[in-house]
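Notes to accompany the following structure.
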Amino acid sequence: MRRILTVLNYLTNMRLSKFFGQTLREAPTESDSASSQMLVRAGYIRQLAAGLYSYLPLAHRSLRKIEQILREEMDAINGQEMCMPVVHPAEVWQESGRWYEIGDEMGRLQDRRGRDLVLAMTHEEVVTTLCKSEIRSYRQLPQMVYHMQTKFRDEPRARGGLIRVREFVMKDSYTLDANFDGLQTQYEAHYDAYHRIGARLGLKLVAVQSDPGMMGGKIAHEFMYISPIGEDSLAICEETGYASNLDVATFRKNPEPADTPAPLKRVHTPGQSTIDKVATFCGVSTRRTGKMVFFMGDFGAEAPPKLIAACVRGDMEINELQLRYAVKAQALRPAEAEEIAAAGCVPGYASLRDLDRTKVISVVDDLIPKSMNLVVGANEHDWHFIGANYGRDFTADIVAPIALAYNGAPDPIDGKPLRVVRGVEVGNIFQLGTRYSGSMGASYTDETGVERPIVMGSYGIGVGRALACVAEEYSDDYGMDLPISVAPYHVVLVSLGRSGEVKEKAEALYHALLTAGVEVLYDDREVSPGIKFADADLRGMPLRCTVSSRSLSRGGVEFGRRRSKNLVIIPLEDAVERIQENITDSFEALHKRLKDLPTWASRPATI
RNA sequence: CGGGGCGUAGCUCAGCCCGGUAGAGCGCUGCGUUUGGGACGCAGAAGUCGUCGGUUCAAAUCCGGCCGCCCCGACCA
């Protein structure tokens, strides 16, 4: 095996003079984040269209390395690699119902016979179809299958280089179990494996509770790379370990100190149509006010859209996802002024008192019933109530936690302030349960002869997105400094000068390294040293070896980490061995992080 | 889908306001000099100015439609 690898290595073109993919002195303006700037400048990726990228040889090598790490970690938890198609017949998506639930984000096309086809957004439907033919008995469970395959999602807005693209390769695995205990076991195995994967990529990943969304199911976690370039907001606490996507974050609701109930009083508040204005006008904190926000809820084809009046404390915002769940709507959008007026409400002075319950669904945050003597609208232009109390003066159809967590909100575990940060979703894990096996009829026969739906889980990691996060984390002013596990090559070999001796020695070392199986990128171009060093810095290989007349006169070749000042001279005859040692050491340093990773067992109790 | 910006040589951009021979730097090709942190000289190639239409004697430039790309928001395994 080793010999075969060596031969393949030897045959691979690793000479920069013939390399496909140029470095750019300046990046095209369209790239934005450090990662996409660097990946474009260093010749890893090229954009073909919005959200569609070509991966040049450097990126392709890195992606293959990431895939190999994923493969090893999936195999380690009993995964079996396979491959499913990118183009699916519409029927399987119709069976699951997602053909109808998902809108323009799904890529749809027709074949020559006019048959509807779907570009894979993910592969639950195909796995479930396979279950129907392959799984018959409880004896065949549990199972775990995975593949690395292209997905297409017609994102309304691709952005951020490789962070949010329309076509991408994902490692997605699927667990099949007889019951929820089995699912839980495989889910926990993935949870731990994902932390190992992060460590091997050199990324610190934070697992946060998340919304299952269109996947269905109940329990879900996202694995986040914390960074300002992230598109998700997270509420985290380092001390308690609480970590949640802001969509589903909870926090302690501490009411303002209780007074004795004041009488309800109608007061004239001319022009005080915002919370800040009315609070100042009435001389109270915004925490003593109630804020009304109106949405139109879409309840599907069966029911007409309906106005939703939501009320949170004046200093807070609405969590639209939780509001949507509370009213069981399929979608929400901000209501237009006319729609609000049509239901008899007065924007800016709206009130839950005297609502027309036939036209409006009213929801209050669970903090509102605990809060006394609030300032709220009087449902009449330029008038508010003071001393309003839930139950006595107004009520709602639904009381639910619909306030959005915020920076400094009390941690639900210990009440200390939560921190809201941005993160990139590198991976996610979902407990699907019987969402797909139920609707598509994938069942097995249990010990007692009863037919039951297979209990499923689904687990994804974006391969290109992982590369983008690594590039983001390991970029500096000169380029990338990639972890040894992800770098396309371990070492860049630079030859300086055109003297016959330097050339000869560099060529010999290049061949010796290849023969020894070292992944080396050889800069044999006839360009100035400055260009070679600048390109080496940019491309991001972690180690650099230089052969020049100067190094030879000092007794060998120069070797060190990228951009390091601590360069050593190694005699030529020891170079291969020393470089191999250094590569090994680099891997060991990286893998030290595997020892002290978060695990499912060690995670904090969540609420 | 709403708001904003951009589209001129392979790349970065100027020219547009105020209509009249299409420019610079980098890159590329050839020759020579140079070789430890993006060298220099000489010579050269390279753009139907996104696209369609309008105004005009004349449009990169003014006007309109469309397309594409970027950013913010909405949206979103």
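A heavy atom closer than 4.0 Å to some atom of RNA chain B occurs in A/Val527, A/Ser528, A/Pro529, A/Gly530, A/Ile531, A/Phe533, A/Ala534, A/Asp535, A/Asp537, these being the qualifying members of residues 527-542 of chain A.
Between B/rC71 and B/rG27, the two C1' atoms lie 28 Å apart (nearest whole Å). Distance check on atom P: B/rG2 versus B/rA60 gives 31 Å, rounded to whole Å. Here, B/rC18 and B/rC63 have their P atoms 10 Å apart, quoted to the whole Å. Separation of the P atoms belonging to B/rC62 and B/rG37 is 47 Å when rounded to the nearest angstrom.
B/rG64 is paired with B/rC52 under the Watson-Crick or G-U wobble criterion, all donor-acceptor distances under 3.5 Å. In this structure B/rG44 sits in a base pair with B/rC28, meeting the Watson-Crick or G-U test at under 3.5 Å. Under the Watson-Crick or G-U wobble criterion, with both distances below 3.5 Å, B/rC69 is paired with B/rG5. Nucleotide B/rG23 forms a pair with B/rC13, judged by Watson-Crick or G-U wobble geometry with both contacts under 3.5 Å.
Using modelled atom types, no side-chain atom of A/Lys171 and backbone atom of A/Arg71 make a donor-acceptor pair closer than 3.5 Å. In this structure, A/Arg539 contributes its side chain and A/Tyr489 its backbone to no donor-acceptor pair below 3.5 Å. With hydrogens and angles ignored, the 3.5 Å screen pairs no side-chain donor or acceptor of A/Arg544 with any backbone N or O of A/Arg563.
Residues meeting the side chain to side chain contact (heavy atoms under 4.5 Å, CB included) test with A/Val421, sequence neighbours left out: A/Ile226, A/Leu234, A/Ile236, A/Arg419. Every residue two or more places apart in sequence or in another chain that forms a side-chain hydrogen bond (donor to acceptor under 3.5 Å, both in side chains) with A/Ser17 is listed here: A/Asp524.
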request  = Apply salt bridge (Lys or Arg N to Asp or Glu O under 4.0 Å) to the pair A/Glu339 and A/Arg333, showing each step before the final yes or no.
outcome  = CA-CA 12 Å; A/Glu339 292 166 333; A/Arg333 63 168 172 82; 2.8 Å; yes
query = Do A/Leu552 and A/Leu572 pass the side chain to side chain contact (heavy atoms under 4.5 Å, CB included) test, and can you show the C-alpha distance, the side-chain angles, and the key distance before you say yes or no?
reply = CA-CA 9 Å; A/Leu552 292 176; A/Leu572 263 172; 4.1 Å; yes
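Rounding to whole angstrom units, CD1 of residue A/Ile163 and C1' of B/rC70 are separated by 16 Å. With rounding to whole Å, A/Glu26 atom CD is found 12 Å from B/rA24 atom C1'. At whole-Å resolution of the value, CG in A/Leu48 and P in B/rC70 are 12 Å apart. For A/Glu155 and B/rA74, the CD to P distance is 14 Å, given to the nearest whole Å. A straight line from CG of A/Asp154 to C1' of B/rC1 spans 13 Å, rounded to a whole angstrom. To the nearest angstrom, C1' of B/rG68 lies 11 Å from CZ of A/Arg166.
Proximity of A/Gln47 to the phosphate of B/rC70: a side-chain N or O atom is located under 4.0 Å from OP1 or OP2.
Checking B/rG25, B/rG38, B/rC75 against the side-chain heavy atoms of A/Pro156 singles out B/rC75 as nearest. Taking every side-chain heavy atom of A/Arg157 into account, B/rC71 is the closest of B/rC11, B/rG38, B/rC71. Side-chain proximity of A/Ala50 to B/rC75, B/rC69, B/rC26: nearest is B/rC69.
Each of A/Leu24 and A/Met170 was matched to the nucleotide of RNA chain B holding its nearest heavy atom; the match closer to the 5' end belongs to A/Leu24. Comparing A/Glu222 and A/Ser549, the nucleotide of RNA chain B nearest to each residue sits closer to the 5' end for A/Ser549.
Residue A/Ala220 is out of contact with every strand shown, counting any heavy-atom pair closer than 4.0 Å. A/Arg525 comes within 4.0 angstrom of no nucleic acid atom, judged by non-hydrogen atoms across all strands. Using a 4.0 Å heavy-atom distance criterion, A/Arg333 is classed as making no nucleic acid contact. At the heavy-atom level, A/Arg465 lies nowhere under 4.0 Å from the strands shown. Using a 4.0 Å heavy-atom cutoff across all strands shown, A/Arg544 reaches at least one base atom of the nucleic acid. Heavy atoms of A/Glu425 sit under 4.0 angstrom from primed sugar atoms or phosphate atoms, though from no base atom. A/Ser551 comes within 4.0 angstrom of a nucleotide base, judged by non-hydrogen atoms across all strands.
Checked options A/Thr546, A/Val494, A/Ile570, A/Val547; the residue passing with A/Glu558 is A/Thr546 (criterion: side chain to side chain contact (heavy atoms under 4.5 Å, CB included)).
With its glycosidic angle within 90° of 0, B/rU21 adopts the syn conformation.
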